[in-house]
Each structure stands twice: as C-alpha cells, then as structure tokens.
Amino acid sequence: MATMHTYITTPIFYVNAQPHLGHAFTTIVADTYCRYRRLCGDSVVFQTGTDEHGDKIVQAAQGAGVSPGEYVDRISAMFRATWPLLAIQPDNFIRTTDPVHIRTVQRILQQVYEQDDIYFSDYSGLYCKGCERFLTDKELVDGRCPDHLVAPEAITEQNYFFRMGKYQQWLIDHITGNPEFITPERYRNEVLSFLKEPLEDLCISRPTSRLTWGIPLPFDDRFVTYVWFDALINYLTGIGYPDQENFSRSWAAAEHIIAKDILKPHAIYWPTMLRSMGLAPYKKLHVHGYWNVGETKMSKSLGNVVRPAEMVAEYGTDTVRYFLLRDMSFGLDAAYSAEALRMRQNSDLANDLGNLFSRSLTMVAKFTASRVPSAGEPEEIDRQLRDAAVAMVAAYRREMDNFAFHRALAAVWEVISRANKYIVENAPWDLAKDPAKSARLDTVFYYLLETLRLIALTLEPVMPDTAAKMRHALGQAAAQDLTGQAAWGQLAPGTTITLPPPLFPRLDSGKPKTTSAPAQTGGKAQKNMTSTENPDDEGLISFDDFKKIDLRVAEVVAAEKIKKSDRLLKLTVKAPEERIIVAGIAEFYEPEAMVGKQVIIAANLKPTKLMGIASHGMVLAIKDQGSLFLSAVSAKVTPGSKVS
RNA sequence: GCCCCCGUAGCUCAGUGGAUAGAGCACAGGAUUCAUAAUCCUGGUGCCGCAGGUCCGAUUCCUGCCGGGGGCACCA
C-alpha cells in the first residue's frame with residue numbers, strides 16, 4: 001500500500017502579540033496529529049509560521065520604538081523559540097516577510113488580476129482618522145467611533161477587489177458535497193448559513209498613503225495587498241507553489257487547523273481564492289474553540305493571558321500537552337485552570353498511568369529478574385485484557401482520525417484502569433510466593449507488559465517524552481509504526497526491562513506556585529514584603545518558601561537609559577516571553593553592552609512602577625566593594641529556563 | 001433586531017422517542033501491600049433549565065419563556 005501523505009498547517013500567527021495558550025494549543029494539535037500520522041506510516045509535512053504585515057504591526061513597532069522589520073524579527077523569533085519547549089517540531093516555519101513568500105503572493109495577484117478576478121473600484125465608507133481605518137455601522141456608538149468619540153467621515157477610497165461572489169454557488173456545492181471539508185459540523189453549518197446571503201466581493205488592497213508595511217500589488221505600486229491575499233497564501237508558499245517537486249502531492253493532502261475566530265477567511269475567502277487561481281480547495285479544515293481562563297475570556301486587557309512557556313516551566317511539556325488535548329472537546333470552548341491541570345496530573349498521569357507503570361515494572365524486576373517472561377495458556381481474564389488493549393488501539397485510531405483527541409485519550413485511560421484492576425485481580429505478589437504458580441505469574445506479567453507496550457505506543461504522539469521513557473524501560477526500539485506494532489504479542493520474551501524513574505510526580509495540593517501574568521495590580525513597591533510571614537528558625541526558610549520565587553534566565557533584547565535617572569536602565573528581556581524590567585544598574589553597565597546578555601531574574605515579583613515605567617521582575621546582581629556584577633549563567637541556555 | 005447552539009449528579013461532561021438516566025473527578029466506608037499514601041471493591045444524591053403541546057409513552061420531537069454562548073463580513 002502506498003504511503004499516505006499529509007500536509008498539516010497551523011495559521012501563521014500575527015506578531016502583534018506574544019505566544020499564548022491559544023497559539024500553543026493549535027500548534028500542539030497540529031504537532032500531535034502530525035506525529036500520529038507518521039506513526040501510522042504516512043509521510044507528513046507540518047508547517048507553522050508568523051504573519052507580519054499590516055498596520056497593527058506598524059503601530060506595535062512604533063510603541064516599542066523600533067522599526068517594523070526589527071519588531072517582527074523579534075516577535076517571530078519568540079514564536080519559533082516557544083515551540084521546542086512544547087516538543088513541537090514543525091518542518092517549515094514560514095514568515096510573510098520571506099522574499100519567496102512575497103514573490104509568490106505577487107505572482108498569484110498578477111495571475112488573478114490578469115484573468116479579471118480582481119478589479120479596481122470605489123470603496124465608500126465611514127473613515128475614522130484616529131483609527132486610520134473604516135468603521136462598520138455596528139461598530140459605531142451613537143454614530144461615533146467608540147475609541148475616539150468623534151463621528152467618522154464619509155469618504156470614498158479607491159481599492160482593488162476580488163470577485164469572491166462569483167464563486168459563491170460553487171463553494172456552497174463543494175461544502176454540501178463534501179461533509180468532511182469543514183469539521184466539526186457546527187462550523188460547517190455556520191458557514192453554510194452565512195452563505196445563504198449573497199457574498200460580496202472582497203477588498204484586498206490598501207493605498208500606500210495609509211499603509212506601506214505590506215506587499216505591493218504587482219500591477220499598481222500605489223497599493224499594497226491587505227491581509228488575506230498575503231496571509232492565506234502562506235499555505236502554498238511553504239510547499240513550493242507552483243512548480244516545486246512535491247507541491248501537488250502536498251497540496252492535495254492539505255489539512256488546516258484553526259481556531260474559530262478565523263473561520264470565515266479559511267472557509268470562504270480561501271477556497272474561492274484557490275478556485276480563482278485554478279487550484280483545488282484544501283482537503284480539510286479543522287476548527288477548534290477557545291481556551292477560557294476559568295470563567296472568563298483570556299485577554300490582554302484582563303491581564304490573564306496564559307503563557308505556554310510558564311505552563312511548561314511549572315508542569316512540564318508532556319503534562320501540558322496531555323492536559324490541553326484531554327480537557328478540551330475539540331470544537332468546543334474549554335476552561336483552563338491550574339486546578340484542573342493539577343487534577344489531571346495527579347489522577348490521570350501520576351496515579352493511573354505513572355503508578356501503573358511503576359508498580360508493574362517493579363514487580364517484574366523483583367519476581368522475574370527483569371526479564372519479559374513467556375506467556376502460557378491464557379485464561380479468560382487474560383483474554384479480556386488482551387481484547388481490551390487491541391480494541392483500544394482501534395478506538396484510539398478512529399478518534400484520532402476524527403480529531404477527537406479527548407476521546408482517543410479516554411479510550412487509552414480505560415485500558416490503563418483495566419490494567420490496574422488486572423493486577424489486583426491476579427495479585428502477582430501472591431503468585432510469586434508459590435513456586436507451583438510461576439507459569440501463571442509469567443503469563444500475568446506478559447499480558448501486563450504487552451498492554452503497557454501498546455499504551456506507550458498510543459501515547460507517542462501526545463506525550464513523546466513519556467512514551468520514549470516507557471519504550472526504553474520495556475526494552476523497545478523507537479516506535480514508528482502503529483500498524484505493524486499494534487498487533488498483540490510482539491514483546492519478545494527474554495527482553496530485559498529497566499526500572500525507570502517515576503513518569504510523573506504527584507503534585508501536592510495547595511496553591512499552585514504559578515506566576516501567571518501580573519499586570520492588573522498597578523501597585524506600589526511593597527516595602528515590607530515579608531512582614532506578615534513568620535521568619536522563625538533564625539531566618540531559615542523552607543524549601544516550599546524557596547520554590548515561591550520563580551527564578552529564570554532572561555536574555556536582554558533591548559536596553560535603554562531612563563531619562564532623568566542615574567541608575568535605572570529599561571531592559572526588554574526574553575524569559576521566554578517578552579517583558580520589561582527596570583534595573584538599577586546604569587552606573588555600571590552601558591545599555592549597548594547589555595543586549596544579548598543572559599541574566600537571572602526573579603520573574604514573579606509583583607510589578608511595580610519605577611520612574612513611570614512598569615517593571616515586571618528583577619534582575620539579580622551582586623554588589624561587591626562598590627562595584628556591581630550581573631548574575632550570569634555559565635553557558636548559553638534557552639531564555640526562560642528555570643533556575644533552581 | 002434576525003439566525004444558530006447550549007442548559008443532565010457538588011464539578012466536567014456522555015446519552016437515547018420508551019423500561020430502575022450514565023462516566024470521570026470529588027466525597028464516605030471497606031479490601032490490599034506490588035506501587036508515586038498509589039490501587040481495587042461498595043455506596044448515595046439528579047423535578048435531565050421552566051411552562052405548555054404531540055404521543056400509549058419525552059430528558060430525547062414541537063412551541064413559548066428564562067439563563068449562558070456564538071454568528072450577522074472584510075475590526076487578522
């Protein structure tokens with residue numbers, strides 16, 4: 001059978017903000033699905049990247065006091081640096097500022113223009129000078145711009161338009177005829193209901209008088225293209241459109257993963273664009289919901305943005321991946337909370353899986369000298385375990401194929417639970433006491449170990465680290481094949497097993513030591529920060545107290561003197577998210593000398609304002625005989641690494 | 001305003017025109033000692049949002065109401 005091919009993408013993320021939980025989730029889903037397909041023997045290309053044009057970027061760059069180019073380089077690098085923390089391994093990381101992408105976009109624009117699917121026309125609307133953009137009627141409050149409180153001006157601007165309406169009926173037919181095109185079904189229905197109204201043409205340009213940070217239209221340099229003809233085309237650029245060797249093969253296998261906020265561009269604009277340029281639509285669009293933080297939306301202004309790097313630092317990569325995939329029904333919104341995550345860690349990972357693995361291997365080490373025994377004639381109870389394990393793999397594959405990751409994992413945990421039961425029912429510690437029962441003991445262990453092998457195999461895409469630990473402990477080579485290796489009975493008798501360290505620690509109950517995003521308490525510097533504590537034991541603190549301080553390595557990406565201050569420097573550091581720290585080191589360090597340095601910071605200090613600048617954390621330094629020395633690390637490490 | 005989805009055990013959710021409505025977590029009691037004080041067994045609770053209607057029979061279908069969420073386009 002020829003190997004299947006899959007081309008899986010995340011959206012390219014807009015670099016006006018730093019990576020957050022939502023970005024991480026989409027990308028973890030993509031990575032997991034990608035690993036899963038590879039495990040099934042398919043070849044896969046996995047692409048993610050960053051979207052870097054537009055006026056929001058220009059504004060953000062201005063706010064940061066750098067050029068748009070410098071700004072996007074910095075934020076894009078942060079996205080790229082975040083993915084390895086989550087064991088995400090994309091094959092391509094594309095940027096819309098890549099020269100090859102710019103050429104591709106222009107080439108496609110030219111083509112679509114020449115075949116008359118792009119035309120020049122007037123656009124009349126209500127323009128707010130403060131916002132520098134057109135507002136829609138429903139954005140207005142009492143006829144005024146809600147941000148600037150002035151009535152927008154009715155103006156007419158000339159722009160280029162894409163004949164989207166021309167492809168409306170074709171799109172309806174395509175979606176209707178291909179139930180798998182957009183899933184889950186609710187989003188497919190949403191799109192179809194939207195398509196019941198006439199589809200208007202899409203404005204795809206901005207005059208350079210308003211925006212220059214974009215790709216110039218090849219047929220009119222007074223304009224740049226705006227958003228979608230730039231961003232969506234990344235999916236083609238990355239696989240070598242139009243004539244690179246594997247383009248057609250990959251494009252025919254394209255599956256996009258998105259969050260529901262960009263459903264319309266992906267479900268409507270994009271297929272019609274593809275149709276116009278003479279390409280088949282992508283194969284599938286997988287749409288997921290939002291992660292709320294507790295009861296509320298995650299938003300910058302609420303200051304509750306969850307940073308993936310902080311989650312990983314606190315709980316570990318595999319726990320984060322497992323939690324996110326297990327706790328969200330793909331397609332629906334879900335709630336993130338430290339409590340929910342800790343519960344999964346303790347009950348699913350530590351108690352059920354970790355303890356099962358640990359107790360099983362310990363017994364094998366003790367009772368059969370760390371060798372995989374040969375199974376004798378199975379009894380009913382053994383056959384039941386075997387059947388359950390084999391059925392699990394089938395159910396798992398079915399659910400993974402449908403992007404129902406939570407269900408796939410639930411199926412695995414059913415067998416984990418069954419295996420725990422199997423141990424109690426067979427009481428190997430009793431069998432071991434009676435030499436006459438050694439054959440029975442061997443059979444029990446064989447069935448148990450073989451079940452564990454299959455469990456490890458299914459966990460490979462979700463928790464690659466953990467699966468590898470399990471595999472090594474069971475004396476198995478790298479898993480590559482969910483087809484061949486999923487059959488029962490492949491564990492070779494005589495194989496040596498090794499005792500692994502516990503797979504997952506149990507987390508003590510009590511308050512998570514998490515830092516989370518600070519922000520909302522614009523507060524004052526707390527002078528008596530420990531006044532309510534009880535420093536007995538002659539100033540000794542417990543380990544738990546120590547753990548409260550979130551020490552990390554931060555890399556300085558920018559530094560400037562603060563006016564009217566002799567001692568303060570404003571540092572922009574990566575830890576790994578970007579943050580501003582004001583440090584009292586200006587007497588000893590020049591700003592230029594700071595850039596690129598790695599220092600240790602206390603990352604969870606309450607933010608405070610120094611000379612009017614909010615400082616999020618503190619750089620550790622050493623005072624010695626009137627001099628000051630920055631803390632340092634002895635080798636270059638990943639920014640954001642924990643110090644402990 | 002128009003349209004769509006949701007409202008089931010303390011929590012998160014599954015479920016079907018029909019029989020005593022389920023799972024996990026949490027909680028209580030017991031068993032066990034191989035294991036990360038882990039595991040296994042047993043147990044309770046539900047006006048299945050409210051009010052009508054269709055039907056022999058509705059949590060499941062229809063209507064209205066209440067509560068929550070989303071969409072109604074170029075604000076990524």
Side-chain angles (χ1 to χ4, degrees), chain A residues 11-17 51-57 96 123 125 128 131 133-136 138-139 145-147 159 161-162 164 185-187 189-204 226-228 230-232 258-266 268-269 289-290 292 295 297 326-329 332-335 337 339-340 343-344 346-367 406-407 410 413-414 416-432 445 448 499 501-507:
Chain A
I12 47 175
F13 299 114
Y14 204 52
V15 293
N16 68 341
D51 183 9
E52 309 186 2
H53 290 126
D55 45 4
K56 289 252 163 88
I57 301 299
T96 53
Y123 181 86
C128 172
C131 301
R133 66 178 182 90
F134 288 94
L135 303 177
T136 59
K138 75 169 192 185
E139 280 180 288
C145 165
D147 292 335
N159 262 313
F161 291 81
F162 167 56
M164 193 157 66
E185 200 182 355
R186 56 192 306 153
Y187 296 111
N189 293 340
E190 199 172 301
V191 171
L192 281 173
S193 105
F194 184 80
L195 285 170
K196 283 178 185 152
E197 303 296 317
L199 199 55
E200 286 174 23
D201 291 342
L202 183 69
C203 178
I204 59 155
Y226 193 65
V227 185
W228 300 112
D230 178 356
L232 290 165
I258 61 166
K260 63 184 183 181
D261 57 334
I262 46 176
L263 174 62
K264 198 179 303 164
H266 282 79
I268 296 178
Y269 305 173
Y290 292 145
N292 296 320
E295 303 290 299
K297 281 189 180 179
R326 178 66 185 82
D327 252 43
M328 175 180 269
S329 299
L332 304 177
D333 291 355
S337 73
E339 291 70 31
M343 222 170 79
R344 288 292 178 194
N346 280 343
S347 65
D348 292 7
L349 297 178
N351 292 357
D352 290 348
L353 173 62
N355 184 53
L356 168 68
F357 197 66
S358 165
R359 69 196 299 212
S360 302
L361 295 206
T362 305
M363 284 191 286
V364 172
K366 254 188 208 175
F367 300 139
H406 61 300
R407 290 190 179 200
W413 256 258
E414 254 179 58
I416 288 172
S417 180
R418 193 175 278 260
N420 268 321
K421 198 172 300 191
Y422 180 79
I423 292 176
V424 172
E425 284 165 346
N426 287 288
W429 49 91
D430 286 338
L431 294 174
F445 280 157
L448 188 55
L499 273 179
L503 298 178
F504 298 95
R506 265 187 73 79
L507 301 174

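Numbers restart at 1 for each chain; the letters A, B, ... are given by sequence-line order, proteins then strands.
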Asker: Just N and O in the side chain of A:S417: are any of them under 4.0 Å from OP1 or OP2 of B:C40?
Answerer: yes
Asker: Taking a pair as Watson-Crick or G-U wobble with both distances under 3.5 Å, which nucleotide is matched to B:G29?
Answerer: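 B:C41 - that is the nucleotide pairing with B:G29, both distances being under 3.5 Å.
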Asker: Is B:C74 paired to anything, Watson-Crick or G-U wobble with both distances less than 3.5 Å, and if yes, which nucleotide?
Answerer: none
Asker: Checking all strands, does A:T362 fall into the base, sugar-phosphate, or nothing category for heavy-atom contacts under 4.0 angstrom?
Answerer: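 Sugar-phosphate: the residue A:T362, judged by heavy atoms under 4.0 Å, touches backbone atoms but no base.
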Asker: Which part of the nucleic acid, if any, lies within contact of A:P198, taking any heavy atom under 4.0 Å across all strands shown: a base, the sugar-phosphate backbone alone, or nothing?
Answerer: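 Touches a base.
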Asker: Please confirm whether the shortest side-chain N or O distance from A:R506 to OP1 or OP2 of B:A38 is below 4.0 Å.
Answerer: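 Yes.
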Asker: Does OP1 or OP2 of B:C72 have a side-chain N or O of A:K196 closer than 4.0 Å?
Answerer: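 So the side chain of A:K196 is outside the cut-off, no N or O lying under 4.0 Å from OP1 or OP2 of B:C72.
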Asker: Students often get this wrong, so: under 4.0 angstrom with heavy atoms, is A:F357 touching a base, only sugar-phosphate, or nothing?
Answerer: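 Touches nothing.
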Asker: CZ of A:R407 versus P of B:A23: gap in Å, rounded?
Answerer: 17 Å
Asker: Determine the Euclidean distance between corresponding C1' atoms of B:G29 and B:G44; express it in Å to zero decimal places.
Answerer: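 After rounding to an integer number of Å, I get 12 Å for this pair.
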Asker: Could you work out the separation of B:A14 and B:G43 based on their P atoms and round it to a whole Å?
Answerer: 26 Å
Asker: Just how far, in rounded Å, is C1' of B:C40 from OH of A:Y422?
Answerer: 16 Å
Asker: Just N and O in the side chain of A:K264: are any of them under 4.0 Å from OP1 or OP2 of B:G71?
Answerer: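 No, outside the criterion.
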Asker: Ignoring hydrogens and angles, answer whether the base of B:A38 and the side-chain atoms of A:N351 contain a donor-acceptor pair closer than 3.5 Å.
Answerer: no
Asker: For A:A231, answer base if it contacts any base atom (sugar-phosphate contacts may also be present), sugar-phosphate if it contacts only those atoms, and nothing otherwise; contact means non-hydrogen atoms under 4.0 Å.
Answerer: nothing
Asker: Can you check the A:D333 CG to B:C4 P distance for me, whole Å?
Answerer: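 Checked: the CG to P distance equals 20 Å.
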Asker: Provide the distance between the two P atoms, one in B:G67 and one in B:G24, to the nearest whole Å.
Answerer: 35 Å
Asker: Please determine, for B:A35, whether a Watson-Crick or G-U wobble partner exists with both distances under 3.5 Å, and give it or none.
Answerer: none
Asker: Taking only side-chain nitrogens and oxygens of A:K260, does any of them come within less than 4.0 Å of OP1 or OP2 of B:G71?
Answerer: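 So the side chain of A:K260 is outside the cut-off, no N or O lying under 4.0 Å from OP1 or OP2 of B:G71.
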Asker: Using both distances under 3.5 Å as the test, list the Watson-Crick or G-U wobble partner of B:C55, or none.
Answerer: none
Asker: Is there a Watson-Crick or G-U wobble partner for B:A23 with both distances under 3.5 Å, and if so, which one is it?
Answerer: B:U12
Asker: Can you give me the closest heavy-atom contact between A:S337 and A:A340, atom names plus distance?
Answerer: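 Smallest heavy-atom distance, with atoms named: OG-N, 3.0 Å.
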Asker: Find the partner of B:G46: check Watson-Crick (N1-N3 plus N6-O4 or O6-N4) and G-U wobble (N1-O2, O6-N3) distances, both under 3.5 Å, and reply none if neither fits.
Answerer: none
Asker: With a 4.0 Å limit, can you tell me whether A:K421 has a side-chain N or O closer than that to the phosphate oxygens OP1/OP2 of B:U39?
Answerer: no
Asker: So which nucleotide does B:G7 pair with, by the Watson-Crick or G-U wobble rule with both distances under 3.5 Å?
Answerer: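 Base partner found: B:C66.
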Asker: Please determine, for the side chain of A:W429, which listed nucleotide (B:U32, B:A76, B:U36) has the closest atom?
Answerer: B:U32
Asker: A:G54 near the nucleic acid: base, sugar-phosphate alone, or nothing, with a heavy-atom cut-off under 4.0 Å?
Answerer: nothing
Asker: Just to be sure I understand the rule, does A:E200 reach a base, reach only the sugar-phosphate, or reach nothing, if contact means heavy atoms closer than 4.0 Å?
Answerer: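 It contacts base atoms.
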Asker: Here's a test of your reading of the structure: between A:R418 and A:P502, which maps to the more 5' nucleotide of RNA chain B?
Answerer: A:P502
Asker: What nucleic acid atoms does A:D230 come within less than 4.0 Å of, heavy atoms only: base, sugar-phosphate, or nothing?
Answerer: nothing
